[in-house]
> 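Dumping the structure here so I can ask a few things about it.
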Amino acid sequence: MSPNVTAAPGSTAVPAEAVAPLTRGITVLRRLTEADGTASLSGLERASGLARSTVDRITATLARMGYVRLDGRDAVLAPRLMELGNAYLAALRLPELLHPHADALADELDESVSLAVGDQDGIRFIHQATRRRAMSLSFRIGDLLPVERTAPGPLFATEWDAAEWQRWHERRAADPEDRGFPAVPARSRPLEDDDRGEETSGRRRGVTLGDDFEERTAAARERGWALDDQLIEPGLVALAVPVRDPDGRIACVVSVVSHTSRHTAAGLRDALLPRLRTSVAAMERELREAPPAEPAPPAGPAGLAAWTGASKQELGREFVESLARGLTVITSFGEGRSELTITEVARATGLARATARRALITLEHLGYVTAHDGVFRLTPRVLGLGFPALSRTTLPDVAAPHLAALSQRVHESASLAVLTGDEIRYTALFTTSRVMSVNITVGTRLPAYATSLGRVMLADLPDPRLPDPSGLVARTPRTVTDPAELRAVLDRVRRDGYALVDGELEEGLRSIAVPVRERGGRVVAAVNVALHSSRRTPEECVEDVLPELFSTASRIEADLHIAGRFRKVPRA
């Protein structure tokens with residue numbers, strides 16, 4: 001098999017009907033993911049084994065789809081790519097149904113809690129509830145770990161057949177150092193009992209990491225739980241219990257992860273196993289009682305045929321139409337659409353049935369869908385397309401490229417800020433190169449009442465928190481300091497959807513801001529343009545800058561809604 005074909009482990013020869021551009025595009029996405037989301041185009045050429053012209057065409061297509069951002073000579077994964085992983089997670093439903101239980105357990109135990117699913121001879125995380133500590137869990141949603149070095153792994157292996165065990169043995173022989181699992185440290189040497197502080201049941205002196213996996217699987221089958229005693233790396237311990245679906249199969253595994261400074265593996269088991277089992281019982285009850293999901297509309301672009309046609313006309317041969325169509329097939333799955341036929345995929349995407357069929361054949365060959373009796377399902381491998389690299393994306397990360405584009409369009413400084421008490425805090429900005437420009441840095445705090453950014457966020461609160469009248473300081477002669485007048489100003493901001501502040505924070509400084517809303521509609525931040533009053537009148541700010549601000553906020557919100565579908569996006 002040529003180096004530019006990324007096939008599923010154990011897959012057969014490339015099917016004659018496979019879509020080669022889709023295969024190559026997925027290879028580029030995987031190499032970008034392995035590079036933690038950013039790579040030079042020349043680096044992608046080397047890593048993928050593809051010709052540079054092919055890499056250029058693929059990244060241009062992915063940029064057109066919003067999945068990649070081209071930054072000079074670098075390709076950078078963009079939040080919109082997460083819609084592929086979101087399609088899998090929505091179809092699975094487990095994160096949506098079980099994350100409240102996992103989060104509550106993490107809060108109660110003050111330990112990190114993870115939900116994982118099996119992915120052939122590995123596991124992938126589908127939810128993380130982590131604790132903020134100096135030493136905290138660094139695994140991300142979508143990260144792939146070898147089964148033998150985890151607590152969930154032996155539990156999943158209790159359901160393996162002979163072929164699956166054979167695949168595991170072949171992978172261990174082909175990759176003895178776990179180089180194919182970049183999320184975990186490579187195996188460097190045998191792990192001695194003396195390194196562990198205590199001898200763990202079933203381990204012998206000098207046993208290499210995971211070599212007792214079959215013994216641990218047999219023990220997990222008997223006990224109904226499993227331990228990871230520093231198999232990933234020294235100091236990390238975990239306890240895992242399976243969550244079973246109504247048919248009795250393992251739907252996912254929940255694990256509590258800690259550090260040996262807090263618990264030994266045995267101590268973790270003794271202290272937390274009863275509480276973990278109680279939480280698992282609640283999760284299983286949730287799965288039994290959850291009503292069927294109502295089908296949601298596909299995440300792919302409406303009018304795909306028209307969109308790809310227009311893109312092809314604009315970009316010419318630089319746009320790889322079959323790649324765009326193939327990736328859109330993944331987004332046809334989702335909540336209430338976990339199993340689809342070829343005809344249903346074609347209907348959801350607007351593709352011809354033959355085109356949908358070839359894309360599904362390709363995705364099945366690569367391991368991203370499975371097929372049974374003419375019905376297709378996404379596999380956890382879809383999460384490997386950018387999700388780990390993007391799952392730690394923050395709101396400033398989302399906003400930064402949009403602020404840069406806004407600033408370049410209006411030729412003024414643009415900023416993003418969040419509300420912290422009575423103040424705003426700048427978390428992202430892009431400044432223009434002028435002799436006289438707005439001099440603000442990330443982290444700067446200013447009083448919310450006197451800023452356009454603060455007013456659009458205060459206006460969203462049911463009962464805006466205003467400082468004590470003694471705290472409403474006149475920073476200039478124009479600053480509104482009367483509480484009644486300020487509340488009237490906020491009412492007008494709420495009605496108009498924007499705030500314009502003219503010389504109230506500083507003489508000569510004029511700024512206009514609009515809110516940024518999360519998926520539920522709550523304002524979580526604001527974006528503004530600030531300038532010297534000599535460059536635009538207030539009327540010109542409303543006429544020329546405000547539409548650009550609304551457009552920018554919409555783009556930020558679109559990315560934020562995708563990035564926040566199955567995780568909380570940090571505001572800073």
Side-chain angles (χ1 to χ4, degrees), residues 38 63-64 66 68-80 393-419 424-446 448 450-457 493 497-517 523-560 563 569 571-572:
T38 303
R64 178 70 172 186
V68 161
R69 178 168 51 86
L70 297 178
D71 185 5
R73 297 180 180 180
D74 291 340
V76 183
L77 294 181
R80 186 173 177 181
T393 298
T394 65
L395 179 54
D397 295 333
V398 170
H402 300 292
L403 293 178
L406 170 64
S407 179
Q408 290 161 5
R409 289 196 303 272
V410 301
H411 309 292
E412 303 290 355
S413 297
S415 306
L416 181 91
V418 297
L419 187 65
I424 63 166
R425 178 165 53 87
Y426 287 83
T427 58
L429 52 89
F430 193 91
T431 57
T432 55
S433 297
R434 291 180 180 272
V435 174
M436 183 172 61
S437 61
V438 177
N439 183 24
I440 290 174
T441 59
V442 170
T444 297
R445 292 174 179 265
L446 293 172
T451 63
S452 62
L453 289 161
R455 286 181 182 177
V456 293
M457 290 187 280
V493 169
Y498 72 93
L500 176 67
V501 171
D502 188 8
E504 295 188 47
L505 181 69
E506 183 178 323
E507 292 280 7
L509 179 63
R510 185 170 290 150
S511 67
I512 185 169
V514 299
V516 174
R517 300 179 184 275
V523 172
V524 293
V527 59
N528 87 333
V529 167
L531 62 149
H532 190 268
S533 58
S534 64
R535 293 204 286 268
R536 279 186 172 95
T537 65
E539 293 75 19
E540 288 172 334
C541 287
V542 173
E543 182 177 346
D544 301 335
V545 178
L546 185 59
E548 296 288 354
L549 270 173
F550 279 132
S551 177
T552 298
S554 294
R555 292 187 178 98
I556 294 173
E557 288 172 348
D559 284 351
L560 182 60
V569 178
R571 295 194 300 164

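What you see is a predicted model, and the numbers here were worked out from it, not measured in a lab.
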> If every non-hydrogen atom of Val493 is compared with every non-hydrogen atom of Ala499, which pair is closest and at what distance?
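Heavy atoms only, the tightest pair is CG2-CB, 3.8 Å.
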> Picking from His402, Arg409, Glu557, what satisfies side-chain hydrogen bond (donor to acceptor under 3.5 Å, both in side chains) with Thr552?
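Running side-chain hydrogen bond (donor to acceptor under 3.5 Å, both in side chains) over His402, Arg409, Glu557 with Thr552 returns exactly one hit, Arg409.
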> Rounded to the nearest 0.5 Å, what separation is found between the CG atom of Leu509 and the NE2 atom of His532?
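Going from CG on Leu509 over to NE2 on His532, the span is 8.5 Å.
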> Among Ser511, Pro538, Cys541, which residue satisfies the side-chain contact (heavy atoms from CB on, under 4.5 Å) criterion with Asp502?
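Testing Asp502 for a side-chain contact (heavy atoms from CB on, under 4.5 Å) against Ser511, Pro538, Cys541 leaves exactly one candidate, Pro538.
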> Show your working on side chain to side chain contact (heavy atoms under 4.5 Å, CB included) between Val514 and Leu546 and close with a plain yes or no.
CA-CA 8 Å; Val514 299; Leu546 185 59; 3.6 Å; yes
> Under a 4.5 Å cut-off applied to non-hydrogen side-chain atoms, are Val524 and Val418 in contact?
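Val524 vs Val418: side chains apart.
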> For the residue pair His411 and Leu531, establish whether any side-chain heavy-atom pair is separated by less than 4.5 Å.
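Heavy-atom side-chain distance check fails, nothing below 4.5 Å.
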> Between CG of Leu560 and CZ of Arg571, what distance do you get to the nearest 0.5 Å?
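That separation rounds to 11.5 Å.
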> In Å, rounded to the nearest 0.5 Å, how long is the span from CG of Leu446 to CG of Leu453?
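Answer rounded to 0.5 Å: 9.0 Å.
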> Heavy atoms only: give me the nearest Ala572-Arg425 pair and the separation to one decimal.
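Heavy atoms only, the tightest pair is CB-NH1, 3.6 Å.
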> Report yes or no: does Ser407 contribute a side-chain atom to a donor-acceptor pair with the main-chain N or O of Glu412 at less than 3.5 Å?
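Side chain of Ser407 to backbone of Glu412: a pair is present.
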> What are the two closest heavy atoms between Ile556 and Ala399, and how far apart are they?
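So the two residues come closest at CD1-CB, 3.9 Å.
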> Which atom names give the shortest non-hydrogen contact between Ser413 and Thr431, and what distance separates them?
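So the minimum-distance heavy-atom pair works out to OG-CA, 3.5 Å.
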> I'd like to know if the side chain of Ser554 and the backbone of Phe550 have a donor-acceptor N/O pair within less than 3.5 Å.
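Present.
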> Using the rule side-chain contact (heavy atoms from CB on, under 4.5 Å), only one of Leu416, Thr427, Asp559 pairs with Leu395; which is it?
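The side-chain contact (heavy atoms from CB on, under 4.5 Å) with Leu395 is passed solely by Leu416 among Leu416, Thr427, Asp559.
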> Measuring from Leu403:CG to Asn528:CG, what's the distance to the nearest 0.5 Å?
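So the CG of Leu403 and the CG of Asn528 are separated by 9.0 Å.
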> Give a yes-or-no answer on whether the side chains of Thr444 and Thr441 include a donor-acceptor pair shorter than 3.5 Å.
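Result is yes, a qualifying pair exists.
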> Working note: Ile512 + Ser452, criterion side chain to side chain contact (heavy atoms under 4.5 Å, CB included); need CA distance, chi angles, decisive distance, verdict.
CA-CA 6 Å; Ile512 185 169; Ser452 62; 5.7 Å; no
> Kindly give the heavy-atom pair with the smallest separation between Val501 and Thr451, and that separation in Å.
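Distance-wise, the nearest heavy atoms are CG2-C, 3.7 Å.
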> Can a donor-acceptor pair be found, under 3.5 Å and without considering hydrogens, that links the side chain of Arg510 to the backbone of Arg536?
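At least one qualifying donor-acceptor pair exists.
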> Roughly how far, to the nearest 0.5 Å, is the CG atom of Leu406 from the CD atom of Glu548?
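Answer rounded to 0.5 Å: 7.0 Å.
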> Could you report the tightest heavy-atom contact between Ile424 and Gly454, atom names first, then the distance?
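Nearest heavy atoms, Ile424 then Gly454: CG2-CA, 3.4 Å.
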> Taking 4.0 angstrom as the limit, do Glu504 and Arg455 come out as a salt bridge?
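Salt bridge flag = yes for Arg455 with Glu504.
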> Please evaluate residues Val76 and Val68 with respect to the criterion side chain to side chain contact (heavy atoms under 4.5 Å, CB included), reporting the C-alpha separation (whole Å), side-chain torsions for both, the decisive distance (0.1 Å), and the verdict.
CA-CA 5 Å; Val76 183; Val68 161; 5.9 Å; no
